[in-house]
Amino acid sequence: QVQLVESGGGLVQAGGSLRLSCAASGTIFSINEMEWYRQAPGKQRELVASITSDGSTDYADSVKARFTISRDNAKNTVHLQMNSLKPEDTAVYYCNAKVIITLTYYEYEYWGQGTQVTVSS
């Protein structure tokens, strides 16, 4: 029905930047909230940032002033600009989207497969 594909992860030194992207495709009528989560080994998945359909954003305290979430509704894409990266930002980053699909017009939640972000000291 819907697929989310993340890209942009990689290895970066502390203080550097990365820009993650997540593109949704499939039987999409519209997308409500889109979010970025991350999960480090041995830790629970945590919400990093979210953005609503009207552009309202929210961030985890640990990334405020460093990360910026944005979306392009025409392309069904969400981005996460990550600046001033720290080693503790190392994790697999997952895209999440609450999607209204064309088949039922109901909202379903979808996850991407994740992209690795590694920040070296």
One pair to check against side chain to side chain contact (heavy atoms under 4.5 Å, CB included): Cys95 and Val78. What are the steps and the verdict? CA-CA 8 Å; Cys95 176; Val78 63; 3.7 Å; yes
Would Ser17 and Gln81 satisfy side chain to side chain contact (heavy atoms under 4.5 Å, CB included), going step by step from the backbone distance to the final call? CA-CA 7 Å; Ser17 298; Gln81 178 66 46; 4.0 Å; yes
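Within the 4.5 Å cutoff, the side chain of Glu107 has no heavy atoms near those of the Val99 side chain. Looking at heavy atoms from C-beta onward, Tyr110 lies in side-chain contact with Ile101 at the 4.5 angstrom threshold.
In this view, Asn96 and Glu35, Tyr37, Lys98, Glu109, Trp111 satisfy the side chain to side chain contact (heavy atoms under 4.5 Å, CB included) rule, not counting sequence neighbours. Residues forming a side chain to side chain contact (heavy atoms under 4.5 Å, CB included) with Asn73 (at least two apart in sequence, or on another chain): Arg71. A search for side chain to side chain contact (heavy atoms under 4.5 Å, CB included) contacts involving Asp54 returns Thr52, Ser56, not counting sequence neighbours. Under the side chain to side chain contact (heavy atoms under 4.5 Å, CB included) criterion, Gln39 pairs with Arg45, Tyr94, not counting sequence neighbours.
The closest side-chain donor-acceptor pair between Asn32 and Ser53, if any, does not fall under 3.5 angstrom. Inspection of the His79 and Ser70 side chains reveals no N or O donor paired with an N or O acceptor under 3.5 Å.
No continuous path of ILVMFWY side-chain contacts below 4.5 Å connects Val92 to Met34, so the two sit in separate hydrophobic clusters. Residues Tyr108 and Leu103 are members of one and the same hydrophobic cluster, defined by side-chain heavy-atom contacts under 4.5 angstrom among Ile, Leu, Val, Met, Phe, Trp and Tyr. Leu85 and Tyr59 end up in the same hydrophobic cluster when Ile, Leu, Val, Met, Phe, Trp and Tyr side chains are linked at under 4.5 Å.
Across Ala49 and Leu80, no two heavy atoms sit closer than the pair CB-CD1, 4.1 Å. The two residues Phe29 and Thr102 make their nearest non-hydrogen contact at N-CG2, 3.6 Å. The shortest heavy-atom contact between Leu4 and Ala24 is CD2-CB, 3.2 Å.
Between the side chain of Thr77 and the backbone N or O of Lys75 there is at least one donor-acceptor pair closer than 3.5 Å.
Summarising the geometry, atom CD1 belonging to Ile100 is positioned 5.0 Å from atom OG belonging to Ser30; distances are rounded to the nearest 0.5 Å. A distance of 9.5 Å separates CG of Leu18 from CG of Asn83, quoted to the nearest 0.5 Å. Remark: Ile28 CD1 to Asn76 CG distance equals 4.5 Å, nearest 0.5 Å. The distance from the CE atom of Met82 to the CH2 atom of Trp36 is 8.0 Å, given to the nearest 0.5 Å.
Listed by first and then second residue, the salt bridge (Lys or Arg N to Asp or Glu O under 4.0 Å) pairs involving residues 76-91 are Arg38-Asp89, Arg66-Asp89 (not counting sequence neighbours).
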Could you pull out every donor-acceptor pair under 3.5 Å between side chains of residues 114-121 and any protein atom, sequence neighbours left out?
from	atom 1	to	atom 2	distance (Å)
Thr115	OG1	Gly9	N	3.3
Gln116	NE2	Ala91	O	3.4
Gln116	NE2	Thr118	OG1	3.3

